[in-house]
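This report concerns only the one structure given below.
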Amino acid sequence: MLDSLKWPYALFFCLQLLRLNTAAFNFSDIDLPDEHLPYYFKTFPKVAEECREDPECPFKVHLDKQVCWGYEPDCKRDEAFQTPLCPGSHKGWVKDKEAQINTFYIQADFGFLKEQFQQIKIMCEPLFREDSALECSDNLKFCRGRNIMINFTQLTSEPSRYKMDYLRPGQIGGYCTFHEARLKANLEHLSPLQSWAPEMRNFQALLQRPIENNLCDIVIEKPTYILKIDAAVNMYHHFCDFFNFYGSLHLNASHPDAFSVDNNIILWETYAYHSSFADAFKAFTKHPILDLNTFRGEVVCFKSVVFPLLPRMIFGLYYNTPVIYGCENSGLFKAFSQFMLHRLKIARRDSEHFETDKKLPTGKNEKIRITFLSRNTAYRRVLNEAKLIEELRKDKNFRVRRVEFNRQIPFPKQVAITQNSDIFIGMHGAGLTHLLFLPDWAVLFEIYNCEDEHCYKDLARLRGVKYMTWTNSSAMRQQDEGRHPDGGAHAKFTNYEFDSEEFVKKINKAAKHVRAHKSYQLYLKKLKYSKEDESPEQVDIKPAELASISNNNAEINNNHDEL
C-alpha cells in the first residue's frame, strides 16, 4: 500500500485524466477570461497539446507561456499570476521585506491555496477504481471524495441552517481503508461555518462498495459541490461564500473540467435558497441550486463530491483574513473578480449605465466616472447627499451617477455599474463589497467607516484598489449619538452630514489617483484606438508599458495613507 501521507492527488482522480486519451477535448467548453487562459493551458498540458495540433483551436496564442497561478510546487515568483505589493513598512511584524511579502502571500493570495495543497491527507484510501476515496486539508477545511455515501433518511422536515447534527455516525462513509485516527485528529475547528468537522466526524468505513452493491437510492453521476453558506441577504457575507468557492475550484483542478458549469451545487441546509445575489451562482453552475430537502428520506451516493472552503474559517480567506500591515494586491482576489465579470458577461464601458454616455470622449478628455451609492435605510444615510452630488456635477471632468442597489436592480446590472466606475462612493455597509468588481485603477471612498475602520479598507487592500475615508471629524456632523438595539451609543445607528468643500477636495484627489494610474492610461490608449479604427485587437501596446504597470501601482496605490 502506498504511503498515504505522500501521494495526495496521485491516484485519487487519475482515472479521470485518462478521459483525454479517449475523446477529443471540446474547446468551446473553456469559458475563462483571456487573462486566465495561459494558466489554464499550463495546468493541463494534454489540452494544450490538443489545441496545438487542432487547426480549429481558437486559443493558440495562449499556449506555451511560462506562467503559473502561484500554488504550484515549482512556481517562480516572476511567473506567478500576480505579485503582491508591500509598499508600507512591516512595522516589526516580520524581520524583512521578503518575509512581509511571503506572509501576505500565504495569508491572502494563491499562497493560501498552496498551503491547502500541502496539507492534503488521505482519510479514506482506495485500492481499486470502484473503491471510495476521501482526502481533506488540515482541520477539514476542504475535502473531496469519490464514491461517497450520505444517508439522509433521518433528515427532519423542520427548516434549518447552521446545524451540526444533520448526520449521525455512519450516515456518511465509503468502502476504503479508513484512517480514522487521522481524521479524528482534525476535529478541532468543530463549528458550522469553520470546517467540515461536524459532518466528517460521522464518517465510517462501509463493508461494501456503496454503488457497486446497490446501497444507494440515488446515484449522482455529475460532479457535485456541497456548500455551507453564510448570510445570503448580506453581500459582504455571501460573497465570502462565492470567493471561497472560487478558491476551491483551483483546489479541485485535477481535471480540465474543473471550471465547468456542468455540475450540481447543494446547499447544506433545509431552507430553500433565495437571495438578491443568486445570479452570482451562474458563474459556477448552469443547473438549479439544490438543498438538503431534495434528498430527504434517501440514501445518496456521489461519484465525485467536493466540500469547499468555508466562509468563516479560522485565519481563512476574506472574512477572517489577518492581513499583514503594509501589503495589498492579492492575485487571488483579482482572479476572482475577473472570473466573475467574465462568467456574468459584464464588460467595461457599457454606456447604458451612465445616462450621459451618448458618445464617450477619448484620450485626455475622458471623464472620470463617479458612482454614489445611496442608502434608503434608517441609519447611515448622508443627510446632505443631494448637495454633495450637485457639487460634483459642477465639474465638467466628472460624470456622476447616484444609485440605490436593491432588488429592483438585477445583480448583474449592479456589477456592471460598478465595473464602469472610476470612483465608487458610499457609507459603511455591505454594498461597498462591490469594490471587488472595480477596475484596477479605481478608488473606493468609504465616506465614513462608522468606527469600523478595517472592514472595507482591508477588502480594498486585498482587491488592490485605492481606499480613502473621512478623516476630518470637524468637517462632519453626526445626527445624534446613535443607539444600538441592545443599548448604548453606536456610530452605525445614526446619520451624517459632510462638509461639501472637504468632500470635493477628496474626490479631486481620488480623480488624480485614477488619472495617474498606469492601468487607466493603458485603458485610455486602447479606447482611443478602438474608437478611431474600431479594431482594438490590433492596438500595439509596447511590452514595456505592460511591465511598468505593477511598479507604477506600487508607487501610487499605497492603501495605508488615506487621501
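Bear in mind that the values here come from a model prediction, so they are computed numbers and not experimental data.
The closest donor-acceptor contact from the side chain of Asn252 to the backbone of Ser248 lies at 3.5 Å or more, if one exists at all. Although no hydrogens or angles enter the test, the distance criterion places a donor-acceptor pair under 3.5 Å between the side chain of Thr270 and the main chain of Glu158. At distances below 3.5 Å, at least one donor-acceptor pair connects side-chain atoms of Ser132 with backbone N or O atoms of Asn147. At distances below 3.5 Å, not a single donor-acceptor pair connects side-chain atoms of Glu212 with backbone N or O atoms of Arg209. Panel note: side chain Asn449, backbone Glu451; a donor-acceptor pair is recorded below 3.5 Å. Side-chain atoms of Thr321 come within 3.5 Å of backbone N or O of Gly316 as a donor-acceptor pair. Counting only distance, with no hydrogens or angles, the side chain of Ser275 and the backbone of Ala232 share a donor-acceptor pair below 3.5 Å. A donor-acceptor pair under 3.5 Å is absent between the side-chain atoms of Asp257 and the main chain of Ser260, judged by distance alone. In this structure a side-chain-to-backbone donor-acceptor pair under 3.5 Å is missing from Gln338 to His36. Judged by distance alone, with hydrogens and angles left aside, the side-chain atoms of Tyr40 form a donor-acceptor pair with the main-chain N or O of Pro256 at under 3.5 Å.
Taking the six-membered ring for Trp and thresholds of 30 and 60 degrees, His484 and His490 have ring planes inclined between 30 and 60 degrees apart. Between Tyr246 and His250, the two ring planes are perpendicular [angle over 60°; tilted spans 30° to 60°]. Ring geometry for Phe411 versus His434: interplanar angle of 30 to 60°, hence tilted. Relative orientation of the Tyr39 and Phe81 rings is perpendicular, given thresholds of 30° and 60° on the angle between their planes. Relative orientation of the Phe284 and Phe339 rings is tilted, given thresholds of 30° and 60° on the angle between their planes.
Every side chain to side chain contact (heavy atoms under 4.5 Å, CB included) that Pro169 has, sequence neighbours left out, goes to Asn202, Gln204. Remark: Cys301 pairs with Cys216 by the disulfide (SG to SG under 2.5 Å) rule, at least two apart or across chains. Every residue meeting the ring-ring contact (aromatic ring centres under 6.0 Å, His included) condition with Tyr456, not counting sequence neighbours, appears here in chain and number order: Tyr236, His428.
Between the side chains of Ser137 and Gln116, at least one donor N or O lies within less than 3.5 Å of an accepting N or O. For the residue pair Thr153/Asn151, the side-chain donor-acceptor check at 3.5 Å is satisfied. Defined by atom type and a distance below 3.5 Å, a donor-acceptor pair is present between the side-chain atoms of Asp31 and His342. Using a 3.5 Å distance cut-off with no hydrogens or angles, the side chains of Glu446 and Tyr467 do pair a donor with an acceptor. Between the side chains of Tyr105 and Ser330, not a single donor N or O lies within less than 3.5 Å of an accepting N or O. With 3.5 Å as the limit, one finds no donor-acceptor pair spanning the side chains of Lys141 and Gln194.
A salt bridge links Glu269 and Arg161; the closest N-O separation between the charged side-chain nitrogens and carboxylate oxygens is under 4.0 Å. A salt bridge links Lys228 with Glu199; the closest basic N to acidic carboxylate O contact falls under 4.0 Å. A salt bridge links Asp165 and Lys163; the closest N-O separation between the charged side-chain nitrogens and carboxylate oxygens is under 4.0 Å.
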Check against side chain to side chain donor-acceptor pair (under 3.5 Å), Lys42 and Gln66: CA-CA 8 Å; Lys42 185 68 174 180; Gln66 282 301 113; 3.3 Å; yes

Step by step, work out the side chain to side chain contact (heavy atoms under 4.5 Å, CB included) result for Leu462 and Val323. CA-CA 8 Å; Leu462 293 167; Val323 190; 3.9 Å; yes

Using salt bridge (charged side-chain N to carboxylate O under 4.0 Å, His left out), reason through Lys121 and Glu135 one step at a time and then give a plain yes or no. CA-CA 5 Å; Lys121 297 178 179 67; Glu135 61 181 4; over 6 Å; no

Before you tell me yes or no, could you show the steps for Trp69 and Leu113 under side chain to side chain contact (heavy atoms under 4.5 Å, CB included), namely the whole-Å CA-CA distance, both residues' side-chain angles and the distance that decides it to 0.1 Å? CA-CA 10 Å; Trp69 287 108; Leu113 299 184; over 6 Å; no

Quick one, Phe307 with Phe142, criterion ring pair (Phe, Tyr, Trp, His ring centres under 6.0 Å). Give me CA distance, side-chain angles, the key distance, then yes/no. CA-CA 6 Å; Phe307 302 86; Phe142 169 89; 9.0 Å; no

Taking it one step at a time, do Leu341 and Phe437 satisfy side chain to side chain contact (heavy atoms under 4.5 Å, CB included)? CA-CA 7 Å; Leu341 290 169; Phe437 306 109; 4.2 Å; yes

Report the C-alpha distance between Asp452 and Lys492 in whole Å, list the side-chain angles of each, state the deciding distance to 0.1 Å, and finish with yes or no for side chain to side chain contact (heavy atoms under 4.5 Å, CB included). CA-CA 9 Å; Asp452 187 355; Lys492 291 184 181 180; 3.2 Å; yes

Using residues 183-191 as the side-chain source, report each donor-acceptor pair under 3.5 Å to any protein atom, sequence neighbours left out, with the distance given to one decimal.
residue : atom : partner : partner atom : Å
Lys184  : NZ   : Arg201  : O            : 2.8
Asn186  : OD1  : Asn139  : N            : 2.8
Asn186  : ND2  : Arg182  : O            : 2.9

Taking only distance into account, with no hydrogens and no angle test, what donor-acceptor pairs under 3.5 Å do side-chain atoms of residues 276-283 form with protein atoms, sequence neighbours excluded?
residue : atom : partner : partner atom : Å
Ser276  : OG   : Arg407  : NH1          : 3.3
Asp279  : OD1  : Lys282  : NZ           : 3.0

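Looking only at side-chain heavy atoms (C-beta outward), Tyr379 and Met427 stay at 4.5 Å or farther from each other. Using a 4.5 Å heavy-atom cutoff, the side chains of Ile324 and Gln100 are in contact. Two residues are said to be in side-chain contact when any heavy atoms from C-beta on lie closer than 4.5 Å; Val443 and Val465 fail this criterion. Side-chain contact between Leu317 and Leu332 is present, with heavy atoms from C-beta onward closer than 4.5 Å. In this structure, the side chains of Met149 and Leu206 come closer than 4.5 Å at one or more pairs of heavy atoms.
Interatomic distance, OG1 of Thr224 versus CD1 of Ile150, reported as 9.5 Å (0.5 Å rounding). Taking CG from Leu267 and CG from Asp291, the interatomic distance works out to 6.5 Å, rounded to the nearest 0.5 Å. The structure places OH of Tyr271 at 7.5 Å from OG of Ser160, a figure rounded to the nearest 0.5 Å. In this structure, CZ on Arg146 lies 9.5 Å from CD1 on Ile211, to the nearest 0.5 angstrom. The distance from atom CZ of Phe112 to atom CD of Glu115, rounded to the nearest 0.5 Å, is 7.5 Å. Going from atom CG of Leu140 over to atom CE of Met313 covers 12.5 Å, rounded to the nearest 0.5 Å.
Here the closest non-hydrogen pair linking Ile229 and Tyr162 is O-CE2, 3.2 Å. In terms of heavy-atom proximity, Trp196 sits nearest to Pro308 at NE1-O, 2.8 Å.
Remark: Arg312 is positioned above the aromatic ring of Tyr319, its terminal NZ or CZ atom under 6.0 angstrom from the ring centre and at most 45 degrees off the axis.
Checked against the 6.0 Å centroid threshold, Tyr273 and His238 count as a close aromatic pair.
Within the structure, every pair that satisfies the salt bridge (charged side-chain N to carboxylate O under 4.0 Å, His left out) test and touches residues 97-113, not counting sequence neighbours, is listed here: Arg77-Glu98.
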